[in-house]
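A quick note: this is a predicted structure, and the numbers were derived from the prediction, not measured.
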Amino acid sequence: TIHIAAMHHTMTWPFLLWAVSCSAATPKLGTYLVDTSTISVSGLSSGGYFAVQFHIAFSGTINGAGIIAGGPFYCAHGDVETALHACMVSPDLISVRALVDITDATAATGTIDNPKYLADDRVYLFSGTLDSVVVPGVMQKLSEYYSAFLVGSGASLMEEFNIPAEHSMVTDDFGNTCDDFASPYINNCSYGTAYRILQHIYGDIAPATSNDTIPQNMLEYDQSEFFLDVPEAISMDSIGYVYVPTACKNKTRGETCETFSFKGLFVLSGLQCVICISRSTGVSKEGSMSATNTH
């Protein structure tokens with residue numbers, strides 16, 4: 001659901017990026033002024049695949065993506081065995097040419113946006129060299145896939161495939177050791193992936209400091225209204241989270257904000273986090289820090 005609120009690429013966007021049984025006290029998702037030319041999406045693992053699917057399907061709306069341990073659009077061809085093997089551990093079975101052709105054919109039916117909208121997008125890809133769940137070769141296939149569409153002068157495809165990280169959200173100062181594969185699947189590799197993604201997509205995001213996060217700006221919302229079925233039936237949670245910088249909370253000021261979404265970490269996690277970023281008065285740092293601390 002999109003509610004147009006203003007002209008010049010500004011709208012109220014009821015962030016339908018999602019995350020299980022809410023109590024009656026959990027509020028519905030609010031609306032905020034968003035610059036619709038600066039919406040990006042990102043995800044890790046199942047969230048990485050989701051982010052790619054969303055990016056390709058709605059390329060006319062999304063202008064950038066950050067993918068960690070994901071894979072190409074329509075990789076599984078609707079088949080569970082393909083999803084668990086080719087799309088996770090046997091990348092030699094993935095035909096990028098076939099997936100590009102499927103993308104073009106699907107767009108021709110009007111089912112997804114025309115991939116021409118991908119031409120000038122900015123995409124960041126991360127794969128740890130020790131990832132045993134979605135092996136690095138799968139992300140190499142994703143890089144080949146994106147290269148077929150990012151052909152405009154403004155496009156930028158950045159890869160980080162050299163850090164010895166297991167399957168995890170990689171940070172620069174928090175979590176397990178870099179080569180660990182254990183809950184909460186956040187690993188300290190002295191590398192701020194969330195910041196690198198934001199910096200690559202938006203270009204002028206300052207590094208966050210420990211003083212930048214404002215806990216009161218991390219809000220819960222009832223996301224069950226966005227599902228046709230009960231959330232649990234589709235392995236989703238009824239509670240989602242949205243981080244709204246202080247400048248973006250005041251709708252009367254006309255402050256418009258970029259939007260960056262970070263989906264749940266692993267299959268069946270069902271959690272969604274949406275991060276709004278404001279460029280005014282330095283509060284863009286809030287978005288960068290929240291991306292690190294909300295997984």
Which heavy atom of [X] sits nearest to which heavy atom of [Y], and what is that distance?
X	Y	result
V134	A69	CG2-O, 3.6 Å
L29	E225	N-OE2, 4.1 Å
D104	P115	OD1-CG, 3.5 Å
T129	F161	CG2-O, 3.2 Å
C189	A165	SG-CB, 3.8 Å
D120	S153	OD1-N, 3.2 Å

Side-chain contact test, heavy atoms from C-beta onward, threshold under 4.5 Å: evaluate it for [X] versus [Y] and give yes or no.
X	Y	value
S224	V230	no
T193	T171	no
P91	V135	yes
T61	T36	no
I102	H77	yes
I62	D121	no
S127	L125	no

Assign the ring pair F58 / F54 to parallel, tilted or perpendicular, where the plane angle (0 to 90°) is split at 30° and 60°.
->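 Geometry flag for F54 against F58: tilted rings.
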
Would you say the side-chain atoms of [X] pair up with the backbone N or O of [Y], donor to acceptor, closer than 3.5 Å?
X	Y	answer
S42	G66	yes
Y49	C87	yes
S95	A98	yes
N176	A182	yes
D172	Y191	no
R122	H200	yes
Q199	I201	no
Y243	P215	no

Are [X] and [Y] close enough that a side-chain donor and a side-chain acceptor fall under 3.5 Å?
X	Y	value
N187	H167	no
Y146	H55	yes
Y202	S40	yes
T26	E220	no
T103	Y145	yes

First locate atom [atom1] of [X], then atom [atom2] of [Y], and finally report the distance between them rounded to the nearest 0.5 Å.
X	Y	atom1	atom2	result
S147	E159	OG	CD	7.0 Å
K141	D92	NZ	CG	6.0 Å
S168	F181	OG	CZ	9.0 Å

With the 4.5 Å side-chain cut-off for hydrophobic clustering, are [X] and [Y] part of the same group?
X	Y	result
F73	F149	yes
Y74	L142	yes
V170	L130	no
V138	V89	yes

Step-by-step side-chain contact (heavy atoms from CB on, under 4.5 Å) determination, F126 to I163 | CA-CA 9 Å; F126 180 95; I163 293 177; 3.8 Å; yes

